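On a predicted model such as this, the values are computed, not experimentally measured, just so you know. Chain letters run A, B, ... following the sequence lines, proteins first and then strands; every chain starts at 1.
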Number of protein chains: 2
Amino acid sequence: MFKTVKQNKAYQDVVEQIQEAIMEGALKPGSQLPAERELKEQFGISRGTLREALRVLEQKGLIEIRTGVAGGSIIREINSENLSENLGMLIRNRSVSLHDLAEFREGMEGDVAALAAQRAAKGDLAQLVELLGEAGGHLKQGRKGWDAFIRTDEQIHLELARMSGNQLFIAVLTSVYRNIHTYYENYLPWSKELLQENFDDLRNIVAAVSEHDAEAARQMALEHVRRFNGYMEKKQV
Amino acid sequence: MFKTVKQNKAYQDVVEQIQEAIMEGALKPGSQLPAERELKEQFGISRGTLREALRVLEQKGLIEIRTGVAGGSIIREINSENLSENLGMLIRNRSVSLHDLAEFREGMEGDVAALAAQRAAKGDLAQLVELLGEAGGHLKQGRKGWDAFIRTDEQIHLELARMSGNQLFIAVLTSVYRNIHTYYENYLPWSKELLQENFDDLRNIVAAVSEHDAEAARQMALEHVRRFNGYMEKKQV
DNA sequence: TATTTGCGAATGGTTAGACCATTAGTAAAA
DNA sequence: TTTTACTAATGGTCTAACCATTCGCAAATA
């Protein structure tokens, strides 16, 4: 009938108060909290307890702590870094398998490509074409350009996400890319043919996006990811 | 030419060491760290600094700290709670809009339904049918059953995610659902007709899944989410 | 005058030692 | 056998001091 009374620790109380102030906009990004020795007075706690609270807020990505005079706790812009870190832990922990990750990407990349095709502006397309050119350049350098090629490949995918205009797709896909490298390095059977095929895929996707053909872009992206994943899973066995 | 030397704080060093031990499996979920007063000796730091490190690990969801004799820091199973919290902050902060969230759901739910249809086992289907029955029951209770209906609706969606067998879909969709309520409450034009329509959708999705018709399930789920979002966005304006 | 050097002060980082609060187990009392 | 009370171990908090880093200003220097 009754719920257990939640016995808040002092530091938790501080965390909640500051977090709430940030969420409600009372504390704006860029602004600064008072110095620890003053804050502890305002909260009526010891410095150690206050610091535990600040550490939690820092880990949450809500504040950044700088040393030195004029240092202190600065309110940060809310971002998706933590999302990446958490996703990374899930992946490293093998709660999320390569297969899971691959399957997830298939759906996401298709959606993203379709949205990008619908919404592409001229500037976006120019950026895509430039990245495509870069990727082609890396490919011509032979083996020593492979790493750079893969990085540019990723940039193209992220640019598509950016073009989708959806912050959630951007955040989640960014997280996926930050964490997929483990698998590239271990499971991808690197070869000139594979990268060339990859490059052709990218060209096709960009072409479909340029023509605002959402369904073609979706299909291209999906097949691209699916084939790529197929190679990795084959090597894994 | 050179990179700035990273001057690790003492507590960061402790965090990294313990986190690494957990990730590598040297510390297993359920096992316990030594007491603070002993740990501080092992690391050669003061108790305050150690506690800052433990607070960070706690916030990361890696350990749980219990008081009392036989208490201490217990290694936790890695889960997606933090993912939810981060997503929640992004949403509350309006970095992620209702529209973003809706668009994201459309793609995800379609994929999930398709996967569930492919992989549904008999036990899964029985569970789905039972949940469907529950939902129908709530609906018959009239207005006072609406809340319960929405909760069951969610359970059905999450059950589909579970059936997909993909941990990533499960984690991300769970996070989405934990945070979408804000919008339901504010933007959904509650009515008997809407909930009935919703219920019919669910029945269709479950039917498609039962027949292992992946594409039908995908289409049903997509349209279901899209219509639902349409209602919310209409009211929002 | 312009530049470099060095110092002072404010801020976070760390330490030490003490005491309070919570809890599991055990011994004593009923 | 059950209840009660105590004990000890553990995390939670406090105080007070000192160390480390950084910015700005003043003095020394070119």
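Distance A:Asp13 CG to D:dT13 P: 10 Å, rounded to the nearest Å. For B:Glu36 and C:dT15, the CD to P distance is 14 Å, given to the nearest whole Å. Distance A:Arg66 CZ to D:dC23 C1': 13 Å, rounded to the nearest Å. Taking atom NZ of residue B:Lys9 and atom C1' of nucleotide D:dA20, one finds them 10 Å apart after rounding to whole Å. Between A:Leu33 atom CG and C:dA10 atom P the separation is 20 Å, expressed in whole Å. Between the C1' atom of C:dA21 and the CD1 atom of B:Ile65 lies a distance of 16 Å, rounded to the nearest Å. We find that NZ of B:Lys40 is positioned 13 Å from C1' of C:dT14, with the value rounded to whole Å. Between the C1' atom of C:dG12 and the OH atom of B:Tyr11 lies a distance of 10 Å, rounded to the nearest Å.
Between A:Thr67 and B:Gly72, it is B:Gly72 whose nearest contact on DNA chain D lies nearer the 5' terminus. Residue B:Val69 is the one, among B:Val69 and A:Ile45, whose nearest nucleotide of DNA chain D lies closer to the 5' end (criterion: closest heavy atom).
Within the nucleic acid shown, A:Arg51 comes within 4.0 Å of at least one base atom, counting heavy atoms only. If you check every strand for non-hydrogen atoms under 4.0 Å, A:Arg37 touches a base. Looking at heavy-atom distances under 4.0 Å, B:Leu54 makes no contact with the nucleic acid at all.
Under 4.0 angstrom from either OP1 or OP2 of D:dG11 there lies no side-chain N or O belonging to B:Arg47. Of the side-chain N and O atoms in A:Thr49, one or more sit less than 4.0 angstrom from OP1 or OP2 of D:dC14. For the pair B:Ser46 and C:dT15, the criterion of a side-chain N or O lying under 4.0 Å from OP1 or OP2 is met.
Between A:Arg119 and A:Asp124 there is no salt bridge, since no side-chain nitrogen of the basic residue lies less than 4.0 Å from a carboxylate oxygen of the acidic one. Contact check on A:Glu52 versus A:Arg55 returns no salt bridge, with no Lys/Arg side-chain nitrogen under 4.0 Å from an Asp/Glu carboxylate oxygen.
Under the side chain to side chain contact (heavy atoms under 4.5 Å, CB included) test applied with B:Leu131, the options B:Leu158, B:Ile156, B:Asp153 reduce to a single match, B:Ile156.
Judged purely by distance below 3.5 Å, without hydrogens or angles, the side chains of A:Arg105 and A:Tyr177 pair a donor atom with an acceptor atom.
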Exercise for review: Apply side chain to side chain contact (heavy atoms under 4.5 Å, CB included) to the pair B:Leu128 and B:Met163, showing each step before the final yes or no.
Suggested key: CA-CA 10 Å; B:Leu128 270 186; B:Met163 287 165 65; 3.8 Å; yes

